Amino acid sequence: MAWDWNFTLNEVVPELLNVIHVTIMATLGAFALAVVLGLVLALGCRSNKKWISWPTRGVVEFIRLTPPLVQLFFIFFVFPHLFGLTLKPMVAGILGLGIHYSTYLSEVYRAGIESVPKGQWEAAIALNFSPLQKWKSVILPQAIRPIIPVMGNYLIVLFKETPLLAAIGLMELLGQAKSIGSVTFRYLEPITMVGIIFLILSYTASLLVKRLEWKLDLNGK
Amino acid sequence: MTEATEAQDLTAFDIDGKEPIIKYRNVSKSFGDNEVLKGIDFDLYPGERVAIIGPSGSGKTTLARLLMTLETPSEGTIEVDGRHLWHKEVNGKLVPADEKHLHKIRGDIGMVFQHFNLFPHMSILRNCIEAPIKVLGLSKKEAVERAKKMLDKVGMLEKADDYPASLSGGQQQRVAIARALVMRPKVMLFDEPTSALDPETVGEVLNVIKDIAKQGDMSMMLITHEMSFARDVADRVCFFDEGRIQEQGPPSKLFAHPETERLRDFLKSFHMNGNGE
Amino acid sequence: MIPIDVVSQVLPLLQEGFIVTIQLVIIAGILSFVMSFVGGLARLSRFAPLRWVSGFLIEFFRGTSLLVQLFWFYYALPLLGVTLPTGLVGIVALTLNYGSYGSEIVRSSILAVPKGQAEAGIALNMTRFQRMKSIILPQAFRIMLPSFGNLMIELLKGTALVSLITIQDMTFYITQARNTIGHDTLLFSMLLVAYFIIGYVITLVFRWLERKFSAGRV
Ligand SMILES: Nc1ncnc2c1ncn2[C@@H]1O[C@H](COP(=O)(O)OP(=O)(O)O)[C@@H](O)[C@H]1O
Ligand SMILES: [Mg+2]
């Protein structure tokens, strides 16, 4: 079976572009969750109260060592039993990927926080900041700046993970490609085009992140 | 005055009837727009010890690295024992040398680096036998024998089974010297071998180098900021500045009667810093 | 209460899948490791076309996502007349994907070895090959070990995706079993714990390797 350009351009591409916003929404939603939850986990891991730090570390480790696909199934199939709420694929997807990648981002935050010089912590104490003020005005602004490019890279990694959501029935790019294939019995063009779309978007994004890194670097530390 | 007597005037070493083992001819080196060496002519005689002094950034390291084939010259030629280093003669014409050619000539040269560059994943002994076995093709037994002799010479034999990270800087540099000596080069380059050391370990390394200089008949190029060491060991001192040899001569003459204003200033700054002298 | 009869019904299934999952991790792991070195060294080659080709392939397999590649090999490739056994499709896609990530690990670890080390090798008149083999790679290997540990964890998690192309790994058996047995909560919890145990063992193995390869050195 040869490649059919007519089919590709007139059916596959328009139908894929129709659902690209689903992929992007899932990516951004999961990333937003990961950014917030990652900070909570990072602070939880550093807490000097053992009853906070130990369980947090355990949870982070457990999530990090188990497959996001299984976590998605767990959220999608088990949450309804546990909490009595049925989740839409998009919501389950954002929760699943967001929670999984929050453990990665907590590591990134940790590295950022540890890179803040000791003198800054001491200065915050010397100025008698409250713990909240210390984190908000002294530590976090300095910790986050150097890790922005790393976060950008995780955004791209997360983006490339969204095809998983097809497994719980979300009609994102890959799900759509499969459904085109099941109707037309032509899988070659749709799946190839999904790959190309991912390649173009992730490669472009990685160039942007490189530029960002370069820019942040130029303005000093 | 003939060329030979002219050369003899510059060094306390007896060069009578000898041919230089190293000849730099009109050698220039640029990094981008930055011309670091500007048409250097420089000879080194077999068995001669030359100290190279000069302010930092003047091109001393680059001069040595060109001979060790760590940098490529932008212009000019270097000869080692009558053979071109960076060029091959093909039908009477000089063409750039390939890696095979460099490999053949490079065996005559050894180098001791400012930062030692010992192999951290190998024991001290292994550091000293790796190249003799792999490059010179010695048997393990021969290599160990040779290496132990050299380690003994630099006073590091009892550390043979230790790893570099457990040694002081001075000890590491002594091992690095032994490692280079095991290869039996005809010419040894020392690039500020004591600049990265704690002051209290400088002496032990300088003494090891002095011993080697006294015993062997190896040619040496010693880049150093230790002026009294240069005076004790060298047959000739070259003062480098701005990519040129500004002045050279036997240490007795050069240190006592510097001719150029630059050298006078340079030596004065040393005196005031209390380094050497 | 945990229904014991369900557990005893599921455990044999999990065990069947466990063997397949472990096989995938080990086979694709070893192949990825090999590909990482081939790719990483090709990226650093003196021969420019080799650098470009390897660079393009690595970016390609990193840029298109793993599941898309699995589906492509499974659904699209047969339409081009090439039908691979399903198990092989899984191994090929996992290897190409994680081998590409591994190539970047190898490349950056080699570049992280201080330049003075290669220069000392030149000063001792070692050939390029000798320098790479006895000086650069042993030191780079130590640098890359922790990253390879993480890569193996990623690979383990990636193997779960092969269930979506009907390879019978742990995830496949459990998603099948839930259709007949039910008990979603128990089944998926057991599955998660099984992955956690494998992942934890991988972590321990790499910690042990890191200790072993830093022996004698500070
Ligand atoms: N690899 C390089 N790339 C660019 N510039 C270099 C490089 N190596 C040396 N230089 C420049 O060449 C000049 C001479 O350096 P060097 O030979 O190390 O001097 P010295 O050893 O006398 O201090 C310096 O200005 C230095 O910045
Ligand atoms: Mg220097």
Side-chain angles (χ1 to χ4, degrees), chain B residues 61 64-65 67-71 98-100 102-124 126-137 161-167 172 175-177 179-185 187-191 196, chain C residues 37 40-42 44-51 105-149 206-218:
Chain B
T61 296
R65 287 170 63 84
L67 185 56
M68 194 67 261
T69 68
L70 299 173
E71 307 284 357
D98 52 16
E99 175 57 32
K100 214 172 118 201
L102 291 177
H103 185 79
K104 216 161 48 190
I105 313 283
R106 190 152 57 198
D108 285 350
I109 319 286
M111 182 161 180
V112 171
F113 297 88
Q114 189 173 350
H115 295 283
F116 339 129
N117 295 350
L118 290 181
F119 306 133
H121 58 301
M122 297 180 188
S123 70
I124 299 308
R126 187 82 220 171
N127 259 280
C128 297
I129 62 172
E130 185 72 12
I133 293 174
K134 301 246 165 89
V135 178
L136 301 181
D161 295 326
D162 291 7
Y163 281 82
S166 65
L167 306 185
Q172 290 193 44
V175 173
I177 292 170
R179 181 176 73 176
L181 286 174
V182 175
M183 299 298 283
R184 299 195 178 154
V187 179
M188 272 277 270
L189 310 173
F190 293 84
D191 186 11
Chain C
F37 276 86
L41 290 172
L44 294 169
S45 161
R46 275 179 306 173
F47 188 53
L50 192 56
R51 281 203 306 273
I105 295 176
V106 170
R107 188 182 75 95
S108 62
S109 303
I110 287 175
L111 291 177
V113 175
K115 242 180 117 214
Q117 291 293 311
E119 294 187 344
I122 296 175
L124 293 169
N125 208 6
M126 291 179 173
T127 62
R128 244 181 108 82
F129 181 76
Q130 288 168 338
R131 295 198 299 268
M132 194 45 106
K133 182 169 161 278
S134 38
I135 302 178
I136 309 297
L137 280 182
Q139 295 184 58
F141 190 69
R142 249 184 103 195
I143 301 174
M144 56 183 91
L145 260 184
S147 307
F148 267 126
F206 272 85
R207 267 190 219 152
W208 175 78
L209 283 175
E210 278 169 49
R211 262 205 314 279
K212 189 166 170 286
F213 277 90
S214 59
R217 290 172 258 157
V218 179

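Source: prediction; values computed, not measured. Just so we're on the same page: letters track the sequence lines, and every chain starts at 1.
- Using a 4.5 Å heavy-atom threshold, the side chains of B:V135 and C:L124 count as separate.
- At a 4.5 Å heavy-atom cutoff, the contact between B:L118 and chain C is made by backbone atoms alone.
- Of the atoms belonging to B:M68, heavy atoms from both backbone and side chain fall under 4.5 Å from chain C.
- For B:R65, the part sitting under 4.5 Å from any heavy atom of chain C is the side chain, from C-beta outward, and nothing else.
- In this structure the side chain of C:Q139 reaches within 4.5 angstrom of the side chain of C:Q117, judged on heavy atoms.
- Side-chain contact between C:R128 and B:H103 is absent, with no heavy atoms from C-beta onward closer than 4.5 Å.
- For chain C, the nearby part of B:L70 is the side chain; its heavy atoms alone come within less than 4.5 Å.
- If you measure heavy-atom distances from C:Q130 to chain B, the contacts under 4.5 Å come from the side chain alone.
- Side chains of C:I110 and C:F37 form no contact here, defined as non-hydrogen atoms less than 4.5 Å apart.
- Of the two parts of B:F113, only the side chain, counted from C-beta on, holds a non-hydrogen atom closer than 4.5 Å to a non-hydrogen atom of chain C.
- Using cut-offs of 30° and 60° on the angle between ring planes, the pair C:F213 and C:F141 is perpendicular.
- B:V175 places none of its side-chain heavy atoms less than 4.5 Å from the side chain of B:P164.
- Using a 4.5 Å cut-off between heavy atoms, B:H115 does not touch chain C at all.
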